[in-house]
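Encoded as structure tokens, the structure appears first; notes follow it.
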2 protein chains.
Amino acid sequence: MANTPPVAATRGVTMADVAKHAGVSRTAVSFVLSKRENASISAETRTRILEAVQALGYRPNAGARALASQRSDWYGIVTEIVTAPFAVDIIKGAQDQAWLSRRFLLIAPSDQADAVGPNEGMEDAAFEKLLEQRVEGLLYAATFHRAVHVPKSANEVPTVLINCFDADGKLPSIVPDERAGGRVAVERLLQAGHTRIGVINLDPDIPAAVGRLEGCREALAGAGLELDPDLVVSGYATADGGYEAACRILDKYPAGAGRPSALFCLNDRMAMGAYDAIKERGLAIPQDIAVIGFDNQELIAAYLRPKLTTVALPFEEMGALGVQTLASLTAGQPITAHQQMVDCPLLERFSV
Amino acid sequence: MANTPPVAATRGVTMADVAKHAGVSRTAVSFVLSKRENASISAETRTRILEAVQALGYRPNAGARALASQRSDWYGIVTEIVTAPFAVDIIKGAQDQAWLSRRFLLIAPSDQADAVGPNEGMEDAAFEKLLEQRVEGLLYAATFHRAVHVPKSANEVPTVLINCFDADGKLPSIVPDERAGGRVAVERLLQAGHTRIGVINLDPDIPAAVGRLEGCREALAGAGLELDPDLVVSGYATADGGYEAACRILDKYPAGAGRPSALFCLNDRMAMGAYDAIKERGLAIPQDIAVIGFDNQELIAAYLRPKLTTVALPFEEMGALGVQTLASLTAGQPITAHQQMVDCPLLERFSV
DNA sequence: GTACCTTGGTAACGCGCGTTAGTTTGAGCG
DNA sequence: CGCTCAAACTAACGCGCGTTACCAAGGTAC
């Protein structure tokens with residue numbers, strides 16, 4: 001008996017059904033399934049219950065469990081999924097980590113189509129929705145490193161910011177270590193023998209530009225060099241912007257007359273444009289001019305020819321660390337630091 | 001009175017609290033909040049209740065509501081988020097559509113890090129987790145158009161496949177209309193005056209290649225032309241593969257001696273490689289050779305120089321249509337077709 | 001006056017589960 | 001034999017909510 005196909009009959013199978021099937025009380029089933037330490041259930045009864053679970057294809061009801069136990073095992077993450085070349089990596093890191101700790105990650109978009117008015121309103125809706133699900137903690141992920149204002153409702157549960165930081169300085173955050181990343185990039189160029197390095201900069205005001213340039217200066221200083229301001233040009237953070245910026249640098253200095261032998265592009269898209277500028281002038285990468293990028297935007301860096309050496313933004317790691325931090329917070333443990341910085345590793349490919 | 005800050009006091013505010021605050025029964029509150037038609041509640045009582053909701057910062061408990069009403073308003077989507085250049089677009093389309101219909105989309109990864117054994121097991125776990133949340137419907141999204149086997153548990157709730165189809169032919173699916181896409185691409189080249197068109201093909205066996213090539217033939221036939229088999233070369237679906245394939249075509253035919261004046265690349269990554277092969281030979285795009293791609297992989301197509309004209313895979317539309325189809329199914333309505341095909345629109349940029 | 005509405009509510013049940021406070025049984029011990 | 005105590009359970013409550021009864025008061029119609 002009890003050999004009915006588990007799957008088909010599953011809808012609506014409850015713990016009471018399992019109990020009846022096994023000839024025990026519902027409480028006994030609950031004890032066995034929640035693996036309580038101090039539960040005194042005989043080995044024989046336990047196996048009978050587990051068999052019944054199998055036979056009926058019982059599946060716990062997560063909502064009911066959350067209601068009764070007053071804990072949901074759910075975290076929520078709010079992110080701008082629409083502009084998401086990167087957000088998806090944060091989500092992936094967070095998902096994996098959540099899965100490992102047997103939690104479920106609810107994902108809510110911060111930029112809904114039907115939302116009207118300023119951004120505040122949209123994000124509020126996302127936070128509200130997640131709180132209605134009774135998430136135990138919240139993550140807020142930005143697609144580029146910046147300061148953000150978080151809706152007040154985020155104060156109701158532990159909240160961690162990823163790839164951004166609280167403009168009011170209250171919430172814990174996780175950001176990439178831009179400075180160390182800039183340093184490692186330029187150190188790589190120095191190690192390859194380049195001493196005159198052009199820098200294709202982003203908007204100089206954003207945290208990414210500030211940190212990466214600072215790291216660049218540190219690296220140069222370590223080699224007894226200084227950053228030549230004439231070699232730093234800014235542009236729009238696009239391939240076109242990178243193309244134009246590279247043209248300006250290359251055309252300012254003819255070959256041999258102070259022309260840099262390497263370009264540090266502060267993001268990969270600009271590096272993509274720089275490639276074109278270099279190739280147009282009949283120069284070879286990396287023989288004539290080395291290029292190093294930043295971001296590791298896979299679809300660009302891994303498909304450019306030659307493949308681009310770049311510094312990776314640790315999105316997955318930040319996502320994972322976000323969940324870990326949340327786990328500490330919800331467990332009432334103190335966290336190590338208010339702002340955690342994650343390393344940006346160098347990815348060697350073929351452009352240096 | 002009743003002017004306490006709504007936000008801070010919110011945790012744990014229940015309908016009973018609202019009822020007490022408003023001096024009515026909990027049932028009355030429930031009636032007002034669920035906006036039932038036949039509920040007889042005086043306007044005065046209603047406003048008193050709504051004021052209490054505001055004052056206390058009441059937020060419904062989605063889990064409890066689902067438990068009591070036996071419906072969750074949740075859909076689940078399973079996808080390979082790790083390899084997700086495209087999956088994210090499907091998710092975005094589905095999210096938006098779900099949000100519009102006041103539903104919540106739970107996202108589960110089909111490729112978890114800790115999962116062991118063959119793929120089957122991993123996806124099973126994702127489906128199980130979602131079913132534990134009592135989702136009302138399931139979406140399964142693939143990152144490239146192909147046949148899939150879906151875990152048996154998917155039979156328990158309405159399930160729709162996106163960008164793939166059921167190998168057993170049972171589940172409804174939504175796929176891109178590859179054939180029409182191939183046709184529109186080649187028609188665009190014909191319209192620009194090209195009659196000798198090279199094709200850089202994918203693995204000829206996959207559905208995308210079959211459909212796109214078929215569309216290509218249709219377009220040629222419409223102009224009284226035939227596809228020259230010598231002009232069709234296959235390669236790995238990468239930039240390198242596209243580069244090599246383009247080299248083979250270009251080197252086989254010297255200028256003027258039957259060299260095609262346009263290349264139809266069956267995906268954008270291969271087009272990226274073809275760009276390099278063309279530029280290397282001192283040829284200009286599109287003046288000497290026009291290039292058209294497929295997929296509209298934004299980070300490539302929009303940043304190549306010149307920007308790539310390509311046919312877009314309608315990921316967001318497919319995601320949205322998936323949710324709509326699911327909504328029909330869960331509402332018990334019949335769906336229009338077992339397999340729905342979504343148009344692949346031509347995106348004009350500057351390579352033709 | 002009685003029967004029968006409609007309006008404006010409320011009491012109480014149950015959704016599936018975790019959990020606490022019992023209850024029964026049998027073994028051990030003096 | 002009577003007592004205690006651990007082992008192996010079960011009864012029952014409550015989580016927050018939707019929903020189905022039911023009820024009281026006031027108005028009509030005859």
Side-chain angles (χ1 to χ4, degrees), chain A residues 9-50 52-53 56-74 102 131-136, chain B residues 10-50 52-53 56-74 102 131-136 156:
Chain A
T10 288
R11 278 304 271 185
V13 173
T14 159
M15 263 178 64
D17 299 330
V18 174
K20 198 193 301 175
H21 189 100
V24 296
S25 73
R26 203 185 48 70
T27 309
V29 178
S30 176
F31 282 175
V32 167
L33 291 185
S34 53
K35 306 197 186 77
R36 322 180 80 227
E37 295 301 324
N38 51 351
S40 49
I41 304 282
S42 69
E44 185 211 357
T45 310
R46 157 176 277 104
T47 59
R48 211 166 62 241
I49 289 173
L50 292 176
V53 166
L56 299 180
Y58 168 73
R59 183 172 11 241
N61 181 320
R65 171 176 292 174
L67 185 58
S69 66
Q70 297 289 79
R71 41 197 310 271
S72 65
D73 287 342
W74 299 339
R102 299 270 160 258
L131 289 171
E132 284 186 10
Q133 313 290 331
R134 295 300 186 267
V135 295
E136 296 183 345
Chain B
T10 287
R11 278 304 270 186
V13 173
T14 158
M15 263 177 68
D17 300 330
V18 175
K20 198 193 303 174
H21 189 100
V24 295
S25 73
R26 203 185 49 69
T27 308
V29 178
S30 177
F31 282 174
V32 168
L33 291 185
S34 52
K35 305 196 187 78
R36 322 180 83 229
E37 295 301 323
N38 51 352
S40 49
I41 303 281
S42 69
E44 183 211 357
T45 311
R46 156 177 277 102
T47 59
R48 210 167 63 242
I49 289 174
L50 292 177
V53 165
L56 298 180
Y58 167 74
R59 178 166 23 234
N61 180 320
R65 171 177 291 174
L67 185 59
S69 66
Q70 297 289 79
R71 40 197 308 273
S72 65
D73 288 344
W74 299 339
R102 299 270 161 256
L131 289 171
E132 284 185 11
Q133 314 290 332
R134 294 302 186 266
V135 295
E136 295 183 346
E156 297 177 33

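Every chain is numbered from 1 and lettered A, B, ... according to where its sequence line falls, protein lines coming before strand lines.
Nucleotides of DNA chain C nearest to Ala64(B) and Ser42(B) differ in position, and the one nearer the 5' end is that of Ser42(B). Both Ala43(A) and Arg26(A) sit near DNA chain D, but only Ala43(A) has its closest nucleotide nearer the 5' end. Residue Gly23(B) is the one, among Gly23(B) and Ser34(A), whose nearest nucleotide of DNA chain C lies closer to the 5' end (criterion: closest heavy atom).
Remark: Arg65(B) does not engage Glu132(A) in a salt bridge, criterion side-chain N to carboxylate O under 4.0 Å.
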Next on the checklist: Applying side chain to side chain contact (heavy atoms under 4.5 Å, CB included) to Asn61(A) and Arg134(B), what does each step give before you reach the verdict?
Outcome noted: CA-CA 7 Å; Asn61(A) 181 320; Arg134(B) 294 302 186 266; 3.7 Å; yes
Checklist entry - Under the side chain to side chain contact (heavy atoms under 4.5 Å, CB included) criterion, do Met15(A) and Tyr58(A) qualify, and how do the steps go? => result CA-CA 7 Å; Met15(A) 263 178 64; Tyr58(A) 168 73; 3.2 Å; yes
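The outermost nucleotides of DNA chain C lying under 4.0 Å from heavy atoms of chain A, listed 5' to 3', are dG16(C) to dT20(C).
Atom NZ in Lys20(A) sits roughly 17 Å away from atom C1' in dA11(D) (whole-Å rounding). In this structure, the CZ atom of Phe31(A) is 10 Å from the P atom of dT10(D), given to the nearest Å.
Minimum heavy-atom separation, Leu56(A) to Val13(A): O-CG2, 3.6 Å. Annotation for Asp73(A) and Arg71(A): closest pair OD1-NH2, 3.4 Å, computed over non-hydrogen atoms. Annotation for Arg48(A) and Val24(A): closest pair NH2-CG1, 3.5 Å, computed over non-hydrogen atoms.
Within 4.0 Å (heavy atoms only), Ser69(B) reaches sugar-phosphate atoms of the nucleic acid but no base atom.
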Which donor-acceptor pairs under 3.5 Å do side chains of residues 25-32 of chain A form with protein atoms, sequence neighbours excluded?
unit_1	atom_1	unit_2	atom_2	d
Ser25(A)	OG	Thr27(A)	N	3.4
Ser25(A)	OG	Ala28(A)	N	3.2

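A donor-acceptor pair under 3.5 Å links the side-chain atoms of Glu136(B) to the main chain of Ser72(B), judged by distance alone.
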Next on the checklist: Can you build the contact string for nucleotides 23-28 of chain D? Use B for base contact, S for sugar-phosphate-only contact, and - for no protein heavy atom under 4.0 Å.
Outcome noted: ------
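Using a 4.0 Å cut-off, no side-chain N or O of Ser40(A) falls inside it from OP1 or OP2 of dA8(D).
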